[in-house]
Q: 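Here's a structure for you.
We count ligands from 1, going down the list as the structure has it; atoms in each ligand are counted the same way.
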Amino acid sequence: MRIDVVTIFPEYLAPLDLSLIGKAREDGLLTVTAHDLRDFTHDRHRTVDDTPYGGGAGMVMKPQPWAEALDHVVAQGDGSGGRRPRLVVPGPGGAPFTQSLARELAEEPWLAFACGRYEGIDERVYEYARDDLGLEVSVVSLGDYVLNGGEVAVLAMVEAIARLLPGVIGNAESLVEESHEDGLLEYPIYTKPKVWNGRSVPDVLLSGNHSAIAAWRHEQRLARTASRRPDLLHPAQVTTDGDLEVDLRPAVPADVPELFTLTKACWVQEAVANDRLDIPPLHESIEELRASLDETRTWVARSGGRLVGSVRTSVRGDDLFISRLMVAPDLQGLGLGRRLLALAEEAASSGTRSFSLLAGALSADNLRMYRKAGYRPVPGEPPAPGAVELVKRRRG
Ligand code: JD8
């Protein structure tokens, strides 16, 4: 990738000589060339700014030096089949710079950045770049705060883009689980010693049980995202205290198709966690599911119109058997499972003396949630292979 940066402070880009980006430039994975805008002035004072038409505070950057600077940059591509750079102009009013935009720009063979200063750049420079030079021009903002110029933004954007280029980050694998890569924030990380300052590393991370570690990390990412960046989760479906905004109601036949799909999604997850396929929900037909609505009580949870959870109960004497407790995999860890379980218990008839359910013996998160809810394993042979029967006496 080729990167050109036009600025009145070329020395501002020195940090790009360092660390991984500096190494990547040495290795020829990308080039970064700074151009001093003042080199494209012709007066003794190398003037790049003047007063704003219409009055107002501050100064505006003059169009002519910019036009000549951009002409010069574009001319670097002469002889390369008319290739032209994509021009990125940082500005507080621009489109938000995000990881997805960084990924998009990392696909470009040639980027040019125009760093403004003062109050900004004469508007006709944007038109000249688009219409006369035929460049794709993107005005991009680093964030909702005001800087004194575009240079800091370019430093951040170039780092976020260049580190996505093949070969720049040693182990590309580490790019996968980063914050903003899949819309979730990163999980907590730890290194030696196991106990530091009286604080221990979470046991699960020392367990060697990779699916449990993966599950814990996913749960941590969801919980962090819900508390720190609920806006990153499903739009407007997270209440201020991080809970998922859902409406819980009895299931109706119209829910069956979505319920069937959600059931498969959730029990494939269970099958993977428990490494077995002989789990009834996996083999249930949509007709059997539809019929179950008449034989049992089923509730569904909808958020933003999407069916995101469900639970089913069936009376067995004075015991209420709770089953098919499910939450959409991408929304687990936000407390919806706990709320569906509470709903099923609250809806129990007065004659109910206990609640019971089955859980996958290796479903660590579910078992932890049931334990927190007061359920305890029933000793003896499990009623189904690979499952644990849990029971809770009804209080009051
Ligand atoms: C480019 C001039 C300063 C901005 C008067 C202060 C980006 N997230 C961001 N915040 N600020 C910028 C940014 C600020 C710039 C320039 C980017 C060129 N200024 C101006 C308008 C108000 N001064 C930015 N990306």
Q: Looking at D319 and R393, is any side-chain nitrogen of the basic one under 4.0 Å from a carboxylate oxygen of the acidic one?
A: no
Q: When you check the gap from the basic side-chain N to the acidic O, do E345 and R394 get nearer than 4.0 Å?
A: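 No.
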Q: Among residues at least two apart in sequence or on other chains, which ones pass salt bridge (charged side-chain N to carboxylate O under 4.0 Å, His left out) with D71?
A: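 Scan of D71 (salt bridge (charged side-chain N to carboxylate O under 4.0 Å, His left out), adjacent residues dropped) gives none.
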Q: Y190, L206: one ILVMFWY side-chain cluster at the under-4.5 Å cut-off?
A: yes
Q: Here's a test for you: under side-chain contact (heavy atoms from CB on, under 4.5 Å), which of V311, L341, V391 qualifies with L357?
A: L341
Q: Do other residues, nucleotides or ligands put more than 12 heavy atoms under 6.0 Å from K264 NZ?
A: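 Yes - once you tally the heavy atoms of other residues, nucleotides and ligands closer than 6.0 Å, there are more than 12.
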Q: Give a table of atom pairs where an N or O of ligand 1 lies under 3.5 Å from a protein N or O.
A:
| from | atom 1 | to | atom 2 | distance (Å) |
| --- | --- | --- | --- | --- |
| ligand 1 | 8 (N) | S141 | OG | 3.2 |
| ligand 1 | 8 (N) | L142 | N | 3.4 |
| ligand 1 | 8 (N) | G143 | N | 3.2 |
| ligand 1 | 8 (N) | G143 | O | 2.9 |
| ligand 1 | 10 (N) | Y145 | O | 2.6 |
| ligand 1 | 10 (N) | L147 | N | 3.3 |
| ligand 1 | 11 (N) | L147 | N | 2.9 |
| ligand 1 | 23 (N) | Y118 | O | 3.4 |
| ligand 1 | 25 (N) | G91 | N | 3.4 |
| ligand 1 | 25 (N) | V140 | O | 3.4 |
| ligand 1 | 25 (N) | L142 | N | 3.4 |

